[in-house]
Amino acid sequence: MATLTHDDGTISITVNGAHRRVRGGMTIADLASELGLVPEKVAVERNLEVVPRSTIAQVALEDGDDLEIVHFVGGGDHPAPPVATDEDRWTVAGRSFRSRLIVGTGKYKDYAQNAAALEASGAEMVTVAVRRVNVTDRNAPMLTDFIDPRRFTYLPNTAGCFTADEAIRTLRLAREAGGWDLVKLEVLGEARTLYPDMVETLRATEVLAKEGFLPMVYCADDPIAAKRLEDVGAVAIMPLGSLIGSGLGIQNPVTIRLIVENAKVPVLVDAGVGTASEAAAAMELGCDGVLMNTAIAEAKQPILMAAAMKAAVEAGRLAYRAGRMQRRRYADPSSPLAGLI
């Protein structure tokens, strides 16, 4: 029972070395809540004895109590300000994503490996090809059984389309099948290089945008063509780093940098990345993200490579934000020259 020593019904206690008055009959849990603390997340010592957390809602304070209330904090006297990687999101067509890595769903040995690699990559968006349903085997596995479209953003694409009409037809079916309007458009010029046909790509982009689609468009690394795609309704520009599935890396960093500088929509390198250093290089150019499939799926250990790509994209983005040092023609010593022996 608390001993009341003040006419106003309060008692005097000491909390973490500071004297204060509180109302009589208040419990330790009440005090914690009044101080803006979560009772379940603190530890309390009362008059040099630890109060079991399970009892703090029943233990009433008494006049003269001396309390120490503690919680866990990180070590170090002067914690460095956090690098806001989690807050460094990117947005396409009004939709925000934390991960700047988009992965494909082809070439894996099975859907289970694809799903495991997706988890390791940290990606939130996956490209999916639109193909005919297997009507001869109703028990055939489906991608949605392994990669939940409620958890990941599906990005239907037009892989394998060589005309604007084929691509438009494919995406109309995709929207009917899943309600998707955010899509990846690619219209290929010929089968040997899978290089984009920019005339057909521009025509398809314009038609799809007018029909309410939000096309993220695979294109040549051409700043003029990229700007025209943006003008006719592309919500993201996706220049190739090199030929699809080639693993040749970024062949024309200067033109990709020009596309980034001129674009008012996100720019993502699409195609050609073969290893982690090339993903980082794409991000260091200022791209908003990287899309890849073969680099992960054809790695000797796809899940391990997916984790490497996640780290590379994050590192490249941080390096771009930090700003690299100036290149110099000659050496510049790091150690001071004054006071040499």
Side-chain angles (χ1 to χ4, degrees), residues 83 85-86 88-90 92 95-131 134 139-157 159-160 178 180 182 184 186 194 216 218 236 238 240-250 266 268-285 287-320:
V83 178
T85 52
D86 287 345
D88 181 36
R89 303 175 72 92
W90 70 286
V92 56
R95 305 173 197 195
S96 180
F97 299 91
R98 180 177 293 107
S99 173
R100 293 173 180 270
L101 177 60
I102 302 173
V103 299
T105 50
K107 298 187 176 182
Y108 291 92
K109 71 175 185 179
D110 53 38
Y111 287 145
Q113 186 187 66
N114 191 171
L118 175 58
E119 291 289 346
S121 75
E124 299 165 287
M125 185 186 298
V126 293
T127 60
V128 292
V130 182
R131 295 293 185 266
N134 186 348
N139 295 318
M142 298 182 66
L143 181 67
T144 51
D145 296 332
F146 294 85
I147 299 175
D148 188 348
R150 295 168 298 182
R151 182 180 169 202
F152 297 96
T153 296
Y154 272 35
L155 189 66
N157 69 22
W180 295 293
L182 183 65
K184 182 196 169 189
E186 57 182 76
L194 301 181
M216 300 173 65
Y218 166 68
M238 306 178 76
L240 53 81
S242 52
L243 301 181
I244 290 175
S246 68
L248 291 172
I250 310 298
L268 301 92
V269 163
D270 178 9
V273 167
T275 192
S277 60
E278 293 159 2
M283 297 304 299
E284 289 175 10
L285 292 172
C287 292
D288 294 276
V290 181
L291 190 154
M292 66 182 69
N293 185 177
T294 307
I296 297 175
E298 289 192 356
K300 293 180 180 178
Q301 296 188 52
I303 297 169
L304 193 59
M305 182 60 81
M309 291 299 188
K310 175 186 178 184
V313 168
E314 292 174 351
R317 176 62 181 173
L318 285 175
Y320 172 73

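Residue indices begin at 1 and follow the sequence shown. Because the structure is a prediction, the values reported are computed rather than measured.
Residues satisfying the side-chain contact (heavy atoms from CB on, under 4.5 Å) test with Q301, not counting sequence neighbours, are L304. For E186, the salt bridge (Lys or Arg N to Asp or Glu O under 4.0 Å) test picks out K184, with sequence neighbours left out. Remark: T105 engages N114, V126, V128, L143, I147 in a side-chain contact (heavy atoms from CB on, under 4.5 Å) (not counting sequence neighbours).
By the 4.5 Å heavy-atom criterion applied to side chains, Y320 and L318 are not counted as neighbours. Under the 4.5 Å side-chain criterion, counting only non-hydrogen atoms from C-beta, V273 is in contact with V290.
Screening M309, Q113, K107 for a side chain to side chain contact (heavy atoms under 4.5 Å, CB included) with I296, the sole residue that qualifies is M309. Checking each of N157, T127, L291, L155 against M216 for a side chain to side chain contact (heavy atoms under 4.5 Å, CB included) leaves exactly one that passes, namely L155.
Here the closest heavy-atom approach between residue G272 and residue S246 is recorded as CA-OG, 4.1 Å. S96 and R89 get closest at one heavy-atom pair: OG-NE, 2.8 Å. Nearest heavy-atom pair, Y108 versus A117, reported as atom, atom and distance to 0.1 Å: CE2-CB, 3.8 Å. Scanning both residues, G245 and T294, for their nearest heavy atoms gives CA-OG1, 3.7 Å. Among all heavy-atom pairs drawn from G289 and M283, the shortest one is CA-SD, 3.7 Å. Closest approach of S99 to E124, counting heavy atoms only: N-OE1, 2.7 Å.
To the nearest 0.5 Å, atoms CD1 (I250) and CD (E284) are separated by 11.0 Å. Distance check, rounded to the nearest 0.5 Å: CD of E119 to CZ of F152 gives 4.5 Å. The distance from atom CG of L268 to atom CE of M125, rounded to the nearest 0.5 Å, is 8.0 Å. I102 contributes atom CD1, which lies 11.5 Å from atom CG of L118 (distance to the nearest 0.5 angstrom). Rounding to the nearest 0.5 Å places OG1 of T153 at 7.5 Å from CZ of R95.
Looking only at distances, no side-chain donor or acceptor of T275 sits under 3.5 Å from a matching main-chain atom of S277. Within the 3.5 Å criterion, the main-chain N or O of G122 finds no donor-acceptor partner in the side chain of R98.
Ring geometry for W180 versus Y154: interplanar angle under 30°, hence parallel rather than tilted (30 to 60°).
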Self-check item: D88/R100 under salt bridge (charged side-chain N to carboxylate O under 4.0 Å, His left out): CA gap, chis, key distance, verdict
Solution: CA-CA 10 Å; D88 181 36; R100 293 173 180 270; 3.3 Å; yes

